[in-house]
Amino acid sequence: MEAKIGVFICYCGGNISDYVDCERVREAVSKEPGVVVAKTFMFTCSDAAQEEMIADIRKEGLNAIVIASCSPKLHLQTFRNMARRAGLNPYTYVQVNIREQCSWAHTHHKEAATRKAIRLVRAGIAKARLSIPLEPIKVKTTPAVLVVGAGVAGMRAALALADMGLEVHVVEREKAAGGWVKKWARVFPSGRPGEELVNTLLKGFEERENIYLYLETEVVEKRGSVGQFQVRLKGPQGEQEVEVGAIVVATGFSPYVPKEGEFAYGASGVLTLQELHALLKRGIEGRFVYAGREVRNVAFIYCVGSREKEGHTYCSRYCCTAAVYLGLLLAERYPEVKQFHFYRDMRTYGKYEIFYHNCLEKGAIFLRFEPPDVPKVEVAGERFFIRVKDRLTGGEEVEVPADLVVLVTGMVLSPNENLVNVLKLPVGKDAFFNEVHPKLRPVETVIDGLFIAGACQGPKNIAESVTSGLAAAAKIGALLLQKELRLEPLVAHVLKDRCTGCGECVAACPYEALSLKTEDGKQIAYLNPALCKGEGACVPVCPEEAIEIWGYGHEQIRSMIQGLCKEDL
Amino acid sequence: MEREIKVLVFSTNTISDPGIDLAGASHLDYPTGVSVISVPCSSGIDPRWILYALKDQCFDGVFIAADGEDCPFLSDCTKRTGEIVNRAQALLKENGLDPRRLKMAAICSVCAEPFVNHIKKFVEGLKDLS
């Protein structure tokens with residue numbers, strides 16, 4: 001098909017035209033092969049300019065357009081939509097950035113900036129000339145979801161998803177639902193034991209017919225892609241397969257387990273936060289007794305397994321609050337027991353500050369340390385002596401006797417290598433699962449249809465875990481309640497006549513989007529466009545140039561390079 | 001007049017492009033012979049394009065503004081892009097071109113100043129090569 005290209009150059013009200021001679025650019029590029037219209041506008045993004053461009057597209061029967069204006073980050077979608085309104089395929093639109101990457105970067109060289117703008121627009125025209133109309137990839141959705149992990153985040157997400165009318169399969173590898181929360185002595189804000197919170201959620205499961213809970217079950221295989229996953233589960237009754245449109249991973253955390261000897265861990269009477277929960281949950285009537293001996297003094301040592309110089313460098317964020325909250329419970333039950341809290345920084349953020357104050361009011365004593373001067377725990381028979389340089393008293397060395405030492409341990413990812421491998425979960429630097437962007441896409445992963453929620457993506461308290469579980473549910477609802485998904489078509493495609501079936505691209509693809517198959521008696525690479533992310537890792541490994549990304553083809557890139565060089569040839 | 005050194009930058013849509021855009025938005029000047037072609041990810045840059053730009057076309061140097069650790073697609077993007085650079089440099093040598101004509105640096109989405117510093121240094125180096 002003969003190219004009929006329209007080129008529209010923006011003054012951006014002077015932001016471009018003050019530093020680039022836009023009229024000269026227009027004149028130079030109007031002679032490029034295939035260009036039938038070339039115009040300048042004060043603002044191409046204005047309604048009036050868009051109407052005029054739409055009229056030109058229709059009148060001249062344009063099959064591609066180039067707009068030289070600002071960064072595509074700003075207006076790529078604006079002009080794609082405009083192209084669609086004009087009846088032009090949005091993927092035959094090319095945006096050339098002559099503002100951020102030309103006029104604004106070369107404000108002192110109008111002549112050179114103008115020549116650069118001409119080159120950039122020529123490259124854009126070259127790209128547009130070889131552009132192919134594309135349609136979004138359409139995928140039918142299965143109205144079902146797999147939730148991996150039946151802790152509070154996964155359970156709350158499951159309830160929300162079920163209420164949207166989706167079928168929910170909840171997989172838990174333990175014998176019971178509820179995760180760590182179930183084991184906790186009491187939780188904010190109700191002050192009830194964690195188990196009661198879990199039971200409320202479980203009752204919600206029972207009341208809904210579309211939630212299926214699989215205990216002692218693991219995910220062993222995943223096939224398919226967003227909208228249509230097939231997942232194989234292995235449980236006490238053997239293996240079975242479920243079809244789902246999306247997956248949410250909410251496998252939670254594991255408490256940090258101190259090393260033998262770390263703050264005397266291993267000695268009887270040195271507990272972790274979780275072990276104190278278990279002790280208080282059991283409840284001891286009357287006096288506070290541990291291992292047959294009465295406890296008069298309790299020492300809490302904060303930041304164990306958090307904020308380390310190497311290893312767990314992050315703050316586990318929930319532990320300060322958890323420690324003072326348990327300190328309060330201890331003070332209520334055993335007011336005669338003295339508490340000493342050895343902390344680095346008190347991070348009882350937001351609403352939880354009140355617990356710190358209440359704890360102070362109950363008479364708990366707080367001592368502040370700063371690495372490398374961490375508290376030293378000396379074991380003296382059945383007792384302990386904790387020595388610390390207390391920053392609150394100007395670095396004075398203080399010694400405190402204790403009958404029980406509680407190590408306020410942080411969170412690490414609950415290890416599950418099998419799941420990471422099966423689902424190809426992205427793991428971040430801190431060893432938790434990684435979202436695409438902490439603010440813009442906080443529960444999505446780079447794999448479409450695979451979501452994460454709760455403490456598996458980083459330390460969270462219950463409220464935050466539940467919030468992210470609900471966020472994942474909302475995202476999945478938005479995805480699956482559409483009966484058909486439309487995916488960005490800028491993915492790879494195989495040029496069958498060039499492909500020799502060598503398999504290099506299959507090995508290079510990180511998303512298992514490529515496989516080899518036999519077609520007309522010849523082995524060639526086959527691409528599942530719904531799995532392809534369009535990053536192009538397959539492109540440079542193909543010896544035959546037989547695979548490329550739509551919009552970034554070999555010929556297209558070479559002709560852009562030519563366009564950028566034209567004035568000098 | 002001194003001949004303008006031409007540098008082709010391969011940049012990525014979501015990571016290094018915003019960094020390079022920010023350089024312009026902050027009016028940080030860099031040489032006008034520097035032009036950008038944007039691609040989805042630096043792991044998808046083909047060494048054959050680099051050879052074409054340097055051998056068959058006007059460019060004096062090619063700069064890969066890589067995603068580095070911020071890559072939204074791949075956790076091993078740096079390693080993969082590094083392999084592309086190695087292959088491309090071997091290809092340049094085979095064709096009698098100085099491998100120093102290709103340079104890679106990770107440019108993050110707010111790395112405006114690092115980009116400008118890298119590119120200025122690269123252009124100076126290319127002047128010496130020419």
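Residue numbers begin at 1 in each chain, while the letters A, B, ... track the order of the sequences. Please read all numbers here as calculations on a predicted model, not as lab measurements.
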Atom group of A:K73 that falls short of 4.5 Å from chain B, counting heavy atoms
side chain
Pick from A:H554, A:H108, A:K533, A:K127 with the largest number of heavy-atom pairs that fall under 4.5 Å of chain B
A:H554
Name the option with the most non-hydrogen atom pairs under 4.5 Å to chain A; the candidates are B:T14, B:I84, B:I37, B:D67.
B:I37
Please classify the contact of A:I561 with chain B as side chain, backbone, both or neither, using a heavy-atom distance under 4.5 Å.
both
Of the backbone (N, CA, C, O) and the side chain (C-beta and beyond), which part of B:F10 lies under 4.5 Å from a heavy atom of chain A, both, or neither?
side chain
A:Q101 and B:D21 side chains, donor-acceptor separation under 3.5 Å
yes
In terms of heavy-atom proximity below 4.5 Å to chain A, should B:L28 be classed as side chain, backbone, both, or neither?
backbone
How far does NZ of B:K79 sit from OG of B:S43, to the nearest 0.5 angstrom?
11.5 Å
Is the ring pair B:Y30/A:H106 parallel, tilted or perpendicular, if the boundaries are 30 and 60 degrees?
perpendicular
Between A:N15 and chain B, with a heavy-atom cut-off of 4.5 Å, which part of the residue counts as in contact: side chain, backbone, both or neither?
neither
Side chain, backbone, both or neither: which part of A:E548 has a non-hydrogen atom closer than 4.5 Å to chain B?
neither
Checking heavy atoms, do the side chain of B:S38, its backbone, both or neither come under 4.5 Å from chain A?
backbone
When heavy-atom pairs shorter than 4.5 Å are enumerated against chain B, which of A:A508, A:C102, A:C538, A:G551 gives the highest number?
A:A508
Any salt bridge between A:E488 and A:R80, counting N to O under 4.0 Å?
yes
Need one label for B:A53: side chain, backbone, both or neither, based on atoms under 4.5 Å from any heavy atom in chain A.
both
Portion of A:V541 that has a non-hydrogen atom of chain B nearer than 4.5 angstrom:
both
Using a 4.5 angstrom heavy-atom cutoff, name the option from A:V539, A:T107, A:I557 with the most pairs to chain B.
A:I557
Quick one: do the A:Y552 and B:N13 side chains pair a donor with an acceptor below 3.5 Å?
yes
Could you tell me whether the side chain of A:E435 and the main chain of A:T445 form a donor-acceptor pair under 3.5 Å?
no
Does the SG-to-SG distance between A:C565 and B:C58 fall under 2.5 Å?
yes
Measure from the ring center of A:H109 to the ring center of A:Y19 and say whether it is less than 6.0 Å.
no
Against chain B, label A:A123 side chain, backbone, both or neither, depending on which of its atoms sit under 4.5 Å from a heavy atom there.
neither
Does the side chain of A:E535 pick up a donor-acceptor pair with the side chain of A:Y511 at under 3.5 Å?
no
In terms of heavy-atom proximity below 4.5 Å to chain A, should B:I45 be classed as side chain, backbone, both, or neither?
backbone
Just by distance, no angles: are the side chains of A:S131 and A:T92 close enough, under 3.5 Å, to form a donor-acceptor pair?
no
Heavy-atom distance under 4.5 Å to chain A: side chain of B:R87, backbone, both or neither?
side chain
